S.K.: 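Here it is, the structure, as structure tokens.
What's counted below: heavy atoms across the whole structure, side chains too, no hydrogens, waters or symmetry copies. Quick note: residue numbers are just sequence positions, from 1. All figures in this text were calculated on a predicted structure; none of them were measured in a lab.
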Amino acid sequence: MKNIIQFLPEKVIQQIAAGEVIQRPSSVLRELLENAIDANAKMIDIFIKDSGKTLIQLTDDGIGMSIYDAKMSIQKHATSKIKKTDDLFRIKTKGFRGEALSSIALISQLEIQTKNREDIVGIQLFVEGGQVKKQIPINMLKGTRISVKNIFYKLPVRRQFLKSSRIEFQHIIYEFHKIVLAHRNITYRFYHNDKIIFYFKKASLRERIQEIFKNEKKNLVPIFIKKNRILVEGFVSVPDDSMKKGDQFLLVNQRCVTHLLLHKKIIHSYDGFLKNFKTASYFIFIFIDSSLINWNIHPTKKEVKLEEEETIGIMIQQEIKNVLFSQYKVKNKELKNYNIFLSYKSLKKDYLLNNLYDKLSDKERIVRLENFSHKFNESESGTLKKNFQLTNELYHHKKGEIKTFQIKRKYIIFVLNDEHMVLVDQHRAHQNILFEFFSRKKNLVSQQFLFPIKVKLLKNEFISLKNVKNDLISFGFHLYICKKYVYLYSVPEQIQQNLLIEIIKSIITYNFIKGKKNNKKKLIQIISKSASIKYGTKLYPEKMKCIIKDLFSCHNPNYTYSGDPIFFVLNKNFF
């Protein structure tokens, strides 16, 4: 029988490899732009014809190449950026595999014009099929001009699979936008069929986003996280019903990437804010030590693997949630139509509160509310406590919807009647709600994670957690303890997932002894305190109303388990 398995010809191997890197005209533009940026270019001109099928030309004022380097640049795996294996794990440049120009040379007619600072003249190379067909010396300024003509001209099948000019041009624009978002200290001029389409000068991130995405002008809020060797910054959109589709860009060390886990974390930050997650926009930059990144999992470096990516995702998710919560502001119109200190039904002019606040401007009202908590704290242990027992009855006898307001991101205010106003400590209230919920622990529903959350344990923490493992499971925390780690698969529905690591760390800092009677009670106290709404969290009206309703449904709405007062009842004479 004749042998049928043979080695592929070298030329076919090269063309297959080139096809992995160069998939369409936009791939060519991406590679040329990355090379220009690595060459420290400050001005880049781009000329496109026929959506890149006929010509893609890029001119930069970077460091240029010597004659020898120009010839070497089209050879497979020729690069100036990698010298040893360790360099693969500390990538700081855009290109590093030595595949860009060699792949482009195999699938197009390539011209390279380049000159560095040291050489008197430059060189022009004419390349076809990966081979230099002609070279001539030329007089030019420092920099490089690369012209890629007739992409896939020797591969008609590949050229046939290109999409329409409109679609291919959209891909080109998308790749261009990713670069100009990341590298904003460069001036770009972009021409298509001899007409200038874009002209970008140096700009801030917000300015660049507004230049590219006109619909994002007023809809963005900044985020910023700095922790250890990680820096995260950028912008996210606030909920906007008028948006049909958002713009979503995630960049790691200034390279736009696809990262499913981080994308899900970002998108699910909008749980409760958006019905359609496609309308969310984000422009998030992650800067991290290059030794913590693996770029070698995708031929075009579009995907990336990060160390501690779960932790990074949780950090970003929490920051976005905080930013979204803080966006709730009292509108001037609403403030004028609603006097927080008195009910609508009977505003009596002789009331001191009404006389005091009726003539104030909107800004003055808010200032008074902000300063009010100081006076409240001074009187905390005085006559206010006498009203505690009355409030539950007053609340349940009140008809209609209550109006709520928040001051200092610490207290929720609501009016009971013409003479009583109640200040509720939001952290203590939520802590009490969770404490009573877990104490009753009936029909607990858990929310399951797509991937388990992993937390490292010290030896004493491992023993302590193991001693209360069954109690945690009974509360809805499904977990598995193995060696130095605990893997969490689900949490009770009442617990926010982004607080889970904080809760676990609070639990393992306490030394639980196996079989001790008060283990469950102590666990409930730790969980309710760690999972409760923190001071500084701005709340939406609906959230405040839910807290008020749940608090006065508690068996003891007056005090926390540690004896701290939860709310304070004020009357008109307090002022």
S.K.: Between K454 and E308, is there a side-chain N and carboxylate O pair less than 4.0 Å apart?
M.R.: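 Salt bridge: no.
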S.K.: What do the steps show when you test L162 against Q160 for side-chain contact (heavy atoms from CB on, under 4.5 Å), and what is the final call?
M.R.: CA-CA 6 Å; L162 292 178; Q160 182 181 342; over 6 Å; no
S.K.: To the closest 0.5 Å, what do you measure between CZ (R189) and CG (D45)?
M.R.: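 Rounded to the nearest 0.5 Å, the CZ-CG separation comes out at 4.0 Å.
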S.K.: What residue among F190, Y191, F169 forms ring-ring contact (aromatic ring centres under 6.0 Å, His included) with F176?
M.R.: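 Of the listed options, the one satisfying the test is F190.
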S.K.: Which heavy atom of V238 sits nearest a heavy atom of L324, and at what distance?
M.R.: CA-CD2, 4.2 Å
S.K.: Counting only heavy atoms from other residues, nucleotides and ligands, does the tally under 6.0 Å from CD1 of I120 exceed 12?
M.R.: no
S.K.: Hey, are the side chains of I286 and E233 touching, using non-hydrogen atoms and a 4.5 Å cut-off?
M.R.: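 The answer is no, as the side chains (C-beta and beyond) never meet within the 4.5 Å cut-off.
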S.K.: Test your reading of the model: is there a side-chain donor-acceptor pair from S281 to the backbone of D247, 3.5 Å cut-off?
M.R.: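 Yes, the answer is positive, given that a donor and an acceptor are paired below the 3.5 Å cut-off.
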S.K.: With a 3.5 Å distance limit and no angle check, can you tell me whether E31 reaches the backbone of V28 through a side-chain donor-acceptor pair?
M.R.: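 Judged by distance alone, no pair lies under 3.5 Å.
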S.K.: Using atom types as modelled and distance alone, determine if a side-chain donor or acceptor of T537 lies under 3.5 Å from a backbone N or O of I533.
M.R.: no
S.K.: Looking at T59 and I46, would you say the former's side chain and the latter's main chain have a donor-acceptor pair under 3.5 Å?
M.R.: no
S.K.: Looking just at side-chain N and O atoms, do K134 and Q124 make a donor-acceptor pair shorter than 3.5 Å?
M.R.: no
S.K.: Going from CD on E502 to CD1 on I314, what distance comes out if it is rounded to the nearest 0.5 angstrom?
M.R.: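 So the gap between those two atoms works out to 11.5 Å.
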S.K.: Take atom OH of Y153 as the centre, draw a 6.0 Å sphere, and report whether it contains more than 12 heavy atoms from other residues, nucleotides or ligands.
M.R.: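 More than 12 within 6.0 Å, yes.
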S.K.: For Y68, does the OH atom sit with more than 12 other heavy atoms under 6.0 Å from it, leaving out its own atoms?
M.R.: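 No, because the 6.0 Å sphere around OH of Y68 holds 12 heavy atoms or fewer from other groups.
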S.K.: Assess the residue pair I138 and Q113 against the criterion (side-chain contact (heavy atoms from CB on, under 4.5 Å)); give the C-alpha distance rounded to whole Å, side-chain angles, the decisive distance to 0.1 Å, and a yes or no.
M.R.: CA-CA 8 Å; I138 58 171; Q113 296 171 282; 3.7 Å; yes
S.K.: Return the minimal non-hydrogen interatomic distance between I230 and I312, and the atom names on each side.
M.R.: CD1-CG1, 3.6 Å
S.K.: Hey, is the main chain of I320 close enough, under 3.5 Å, to the side chain of S269 for a donor-acceptor pair?
M.R.: no
S.K.: Quick one about Q57 and E111 (side-chain donor to acceptor, distance below 3.5 Å, no hydrogens or angles considered), yes or no?
M.R.: no
S.K.: E542 vs K545, test: salt bridge (Lys or Arg N to Asp or Glu O under 4.0 Å). Steps then yes/no.
M.R.: CA-CA 5 Å; E542 290 304 319; K545 290 171 187 174; 3.8 Å; yes
S.K.: Quick check for you: to the nearest 0.5 Å, what is the distance between M315 atom CE and K226 atom NZ?
M.R.: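 Here the interatomic distance stands at 12.0 Å.
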S.K.: Mind checking whether F249 and F213 have ring centres under 6.0 Å apart?
M.R.: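 Close enough - the centres of the two rings lie under 6.0 Å apart.
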S.K.: Does either side chain, that of H263 or that of Y282, offer a donor lying less than 3.5 Å from an acceptor on the other one?
M.R.: yes
S.K.: Do the ring centers of H177 and F198 come within less than 6.0 Å of each other?
M.R.: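 Ring-ring flag for H177/F198: true, centres closer than 6.0 Å.
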S.K.: Could you walk me through whether D194 and F47 pass side-chain contact (heavy atoms from CB on, under 4.5 Å), step by step?
M.R.: CA-CA 7 Å; D194 300 323; F47 299 88; 5.8 Å; no
S.K.: When you look at Q135 and K71, which way does the side chain to side chain donor-acceptor pair (under 3.5 Å) test go after all the steps?
M.R.: CA-CA 10 Å; Q135 66 178 62; K71 292 179 180 179; 3.1 Å; yes
S.K.: Between S27 and I22 (side chain of the first, backbone of the second, donor and acceptor by atom type, cut-off under 3.5 Å), is there such a pair?
M.R.: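 No, S27 side chain to I22 backbone: no donor-acceptor pair under 3.5 Å.
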S.K.: Answer yes or no: is there an ion pair linking R229 with D289, defined by an N-O contact shorter than 4.0 Å?
M.R.: yes
S.K.: Counting N and O atoms only, with roles assigned by atom type, does the side chain of R158 sit under 3.5 Å from a partner on the main chain of L155, one being a donor and the other an acceptor?
M.R.: no
S.K.: If I compare all heavy atoms of D50 with all of H192, which pair ends up nearest, and what's the gap?
M.R.: N-NE2, 4.0 Å
S.K.: With a 4.0 Å cut-off, would you call E168 and K53 a salt bridge?
M.R.: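 No.
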S.K.: Could you tell me whether the side chain of M65 reaches within less than 4.5 Å of the side chain of K115, counting heavy atoms only?
M.R.: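 No, too far: nothing below the 4.5 Å cut-off.
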S.K.: Under the side-chain contact (heavy atoms from CB on, under 4.5 Å) criterion, do L32 and I56 qualify, and how do the steps go?
M.R.: CA-CA 9 Å; L32 297 185; I56 301 170; 4.3 Å; yes
S.K.: Side-chain donor-acceptor pair under 3.5 Å between S204 and E207, yes or no?
M.R.: yes
S.K.: Taking all non-hydrogen atoms of both residues, which atom of D61 and which atom of K142 are closest, and how far apart?
M.R.: O-NZ, 3.1 Å
S.K.: Report the distance from atom CE of M140 to atom CD1 of I123, rounding to the nearest 0.5 Å.
M.R.: 11.0 Å
S.K.: Just wondering, do L251 and V257 contact through their side chains at under 4.5 Å, heavy atoms?
M.R.: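 Contact flag for V257/L251 side chains = no.
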S.K.: Are E175 and K178 close enough for a salt bridge, meaning some N to O gap below 4.0 Å?
M.R.: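 A salt bridge is present here (some side-chain N lies under 4.0 Å from a carboxylate O).
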S.K.: Could you check if a side-chain atom of L58 sits within less than 4.5 angstrom of a side-chain atom of T144, using non-hydrogen atoms only?
M.R.: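 With C-beta onward as the side chain, the pair stays apart.
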S.K.: Anything under 30° is parallel, anything over 60° is perpendicular, the rest tilted; go ahead and classify Y485 against Y487.
M.R.: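 Plane angle between 30° and 60°, so tilted.
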S.K.: Using side-chain heavy atoms (C-beta onward) and a distance below 4.5 Å, is K154 in contact with F152?
M.R.: no
S.K.: List the atom of S73, the atom of I112, and the distance in Å for their closest heavy-atom pair.
M.R.: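 In this case the closest contact between S73 and I112 is OG-CD1, 4.0 Å.
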S.K.: Using a 3.5 Å distance criterion without hydrogens, assess whether the side chain of N276 forms a donor-acceptor pair with backbone atoms of K278.
M.R.: yes
S.K.: Within the structure provided, determine whether N253 and R255 are in side-chain contact (heavy-atom separation under 4.5 Å).
M.R.: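 N253 does not reach R255 side chain to side chain.
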S.K.: To the nearest 0.5 Å, tell me how far D60 CG sits from I146 CD1.
M.R.: 7.5 Å
S.K.: Check M43 against I186 and note the closest heavy-atom contact, atom names and distance.
M.R.: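 So the two residues come closest at N-CG2, 4.1 Å.
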S.K.: Do L250 and C256 make a side-chain contact, defined as non-hydrogen atoms from C-beta onward lying under 4.5 Å apart?
M.R.: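 No. Closest side-chain heavy atoms not under 4.5 Å.
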S.K.: Just how far is it from atom NZ of K538 to atom CE of M544, taken to the nearest 0.5 Å?
M.R.: 9.5 Å
S.K.: When you check the side-chain N and O atoms of Q317 and H268, is any donor under 3.5 Å from an acceptor?
M.R.: no
S.K.: May I ask you to test the V232-F287 pair for a side-chain heavy-atom distance under 4.5 Å?
M.R.: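 SC-SC contact between V232 and F287 ruled out.
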S.K.: Taking atom NZ of K534 as the centre, does the number of heavy atoms from other residues, nucleotides or ligands within less than 6.0 Å exceed 12?
M.R.: yes
S.K.: Taking the six-membered ring for Trp, are F235 and F283 ring centroids under 6.0 Å apart?
M.R.: no
